[in-house]
Asker: 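A single structure is presented below for examination.
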Amino acid sequence: DAMVIQNPRYQVTQFGKPVTLSCSQTLNHNVMYWYQQKSSQAPKLLFHYYDKDFNNEADTPDNFQSRRPNTSFCFLDIRSPGLGDAAMYLCASQVGTKNIQYFGAGTRLSVL
Amino acid sequence: DAKTTQPPSMDCAEGRAANLPCNHSTISGNEYVYWYRQIHSQGPQYIIHGLKNNETNEMASLIITEDRKSSTLILPHATLRDTAVYYCIVRVGGSQGNLIFGKGTKLSVKP
C-alpha cells in the first residue's frame, strides 16, 4: 500500500491561477519534503518541514509556499503559476532518526 | 551542487549483473553514500546506503572503496523492471542531511 500519497496525480491550472498540491503520509514521519522535477532533470529540493519547523531552500522562489497543518499532511501552494512552473512535484517523508526518504508518486502540473 | 559523478547511461543484458559506478572524491567523514532509483513517471525509490562498509539488502549490494572516494551499486540479476535512472547521493547522517540529486545514470536493461 502506498505510504506517501499525492493527490491529484495530474493537475492542470491556468497561468497566474493559484494551485495547491497535497501530500499525506501514513508513516507518522516527522520530516516532510517537497521537490520540483522538470522534464529530463533531477529532483530539486524546494523546502522541508522538520516537525513544524519550516526550512526553505535559498533559491526557492517566493511564489512557492507550503503548509503543514498536522503530521500527516503537507501542502504545496503556488501563488501565481507561470509556464516555467510546469513540472512534476514530488513529496517525501522521513523519520528524523533515520535517513531514508520515502517518495510519493508525484503530481504532474501543467500550466496553460 | 551534487557531490557525485556518474556515467550518464549504461546498458545491461537481462539476467546479468549491473554494476553502476559513482565517484565522490570530496566526500566528508560524516557523509553517507545513498542510492535511489527513479522508474519513469514514478517517485524516487530508496535502494541502499552505507558509510564505509559494504552493504547488501534484498535489492542490491553497495561496494565502497577503502578511501571512500568511489562506490559501485550492484544489481545481481538485472530484470527489465530495473530500467530506471539511478542516483548516487552523498549526505550527512541524521535528519539534517538533505538529498541533493545529481544527473544520475540511466540504466537500460535489454532482453
Side-chain angles (χ1 to χ4, degrees), chain A residues 2-7 9-10 21 23-25 27 29-60 76 87-110, chain B residues 1-9 20 22 27-28 30-53 55 57-60 62 64 73 84-108:
Chain A
M3 298 179 289
V4 180
I5 302 166
Q6 293 189 243
N7 285 308
R9 288 296 312 277
Y10 301 91
L21 309 182
C23 176
S24 64
Q25 49 100 358
L27 303 163
H29 286 171
N30 60 336
V31 192
M32 294 187 74
Y33 302 81
W34 279 104
Y35 293 82
Q36 178 192 63
Q37 185 174 26
K38 295 187 175 181
S39 181
S40 300
Q41 296 184 19
K44 179 179 181 297
L45 181 64
L46 294 173
F47 28 58
H48 74 278
Y49 276 94
Y50 188 98
D51 292 322
K52 295 183 178 180
D53 294 332
F54 178 70
N55 298 273
N56 199 32
E57 292 301 296
D59 56 354
T60 298
L76 171 62
M88 173 79 84
Y89 290 89
L90 295 160
C91 174
S93 71
Q94 174 185 300
V95 172
T97 56
K98 294 188 181 292
N99 306 320
I100 300 170
Q101 289 189 22
Y102 297 87
F103 285 81
T107 294
R108 185 167 296 281
L109 178 69
S110 299
Chain B
D1 291 344
K3 298 177 63 174
T4 61
T5 304
Q6 299 177 253
S9 64
L20 292 93
C22 180
I27 192 170
S28 301
N30 63 343
E31 288 181 317
Y32 289 71
V33 180
Y34 283 78
W35 284 84
Y36 284 75
R37 73 179 182 183
Q38 188 172 23
I39 296 170
H40 183 62
S41 295
Q42 296 183 21
Q45 177 190 22
Y46 166 80
I47 302 173
I48 199 167
H49 76 284
L51 183 61
K52 53 185 178 181
N53 297 323
E55 302 287 344
N57 62 20
E58 66 278 4
M59 291 183 68
L62 173 61
I64 303 174
L73 178 74
V85 178
Y86 287 76
Y87 295 101
C88 169
I89 302 166
V90 297
R91 65 175 289 198
V92 297
S95 60
Q96 299 307 310
N98 292 328
L99 294 178
I100 308 298
F101 287 84
K103 296 182 178 179
T105 295
K106 175 70 167 71
L107 176 68
S108 298

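Being a predicted model, the structure only gives us computed values, none of them experimental. Note on naming: letters A, B, ... go to the chains in the order of the sequence lines (proteins, then strands), and numbering restarts at 1 for each one.
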Asker: Any idea which of A:Pro43, A:Gly106, A:Ala105 has the most non-hydrogen atom pairs under 4.5 angstrom with chain B?
Answerer: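 Of A:Pro43, A:Gly106, A:Ala105, A:Pro43 has the most heavy-atom pairs under 4.5 Å with chain B.
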Asker: Report yes if the side chains of B:Pro44 and A:Leu90 come closer than 4.5 Å at any heavy-atom pair, otherwise no.
Answerer: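 Answer yes - side chains close enough.
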Asker: In terms of heavy-atom proximity below 4.5 Å to chain B, should A:Tyr35 be classed as side chain, backbone, both, or neither?
Answerer: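 Side chain only.
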Asker: Using a 3.5 Å cut-off and no angle test, enumerate the donor-acceptor pairs between side-chain atoms of residues 46-53 of chain B and protein atoms at least two apart in sequence or in another chain.
Answerer:
from, atom 1, to, atom 2, distance (Å)
B:Tyr46, OH, B:His49, N, 3.3
B:Tyr46, OH, B:His49, ND1, 2.6

Asker: Do B:Lys3 and B:Ile100 come within less than 4.5 Å of each other through their side chains, counting heavy atoms only?
Answerer: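 Not touching, per the 4.5 Å side-chain cut-off.
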Asker: Are side-chain heavy atoms of B:Arg37 and B:Met59 found at a separation under 4.5 Å?
Answerer: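 Yes, at least one pair of side-chain atoms sits under 4.5 Å.
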Asker: Check each atom of A:Glu57 against the heavy atoms of chain B and say whether the ones under 4.5 Å are side chain, backbone, both or neither.
Answerer: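 For A:Glu57, the side chain is the part near chain B, not the backbone.
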Asker: B:Lys106, B:Gln42, B:Gln38: which one forms the most heavy-atom pairs within less than 4.5 Å of chain A?
Answerer: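 Counting heavy-atom pairs under 4.5 Å, the top option is B:Gln38.
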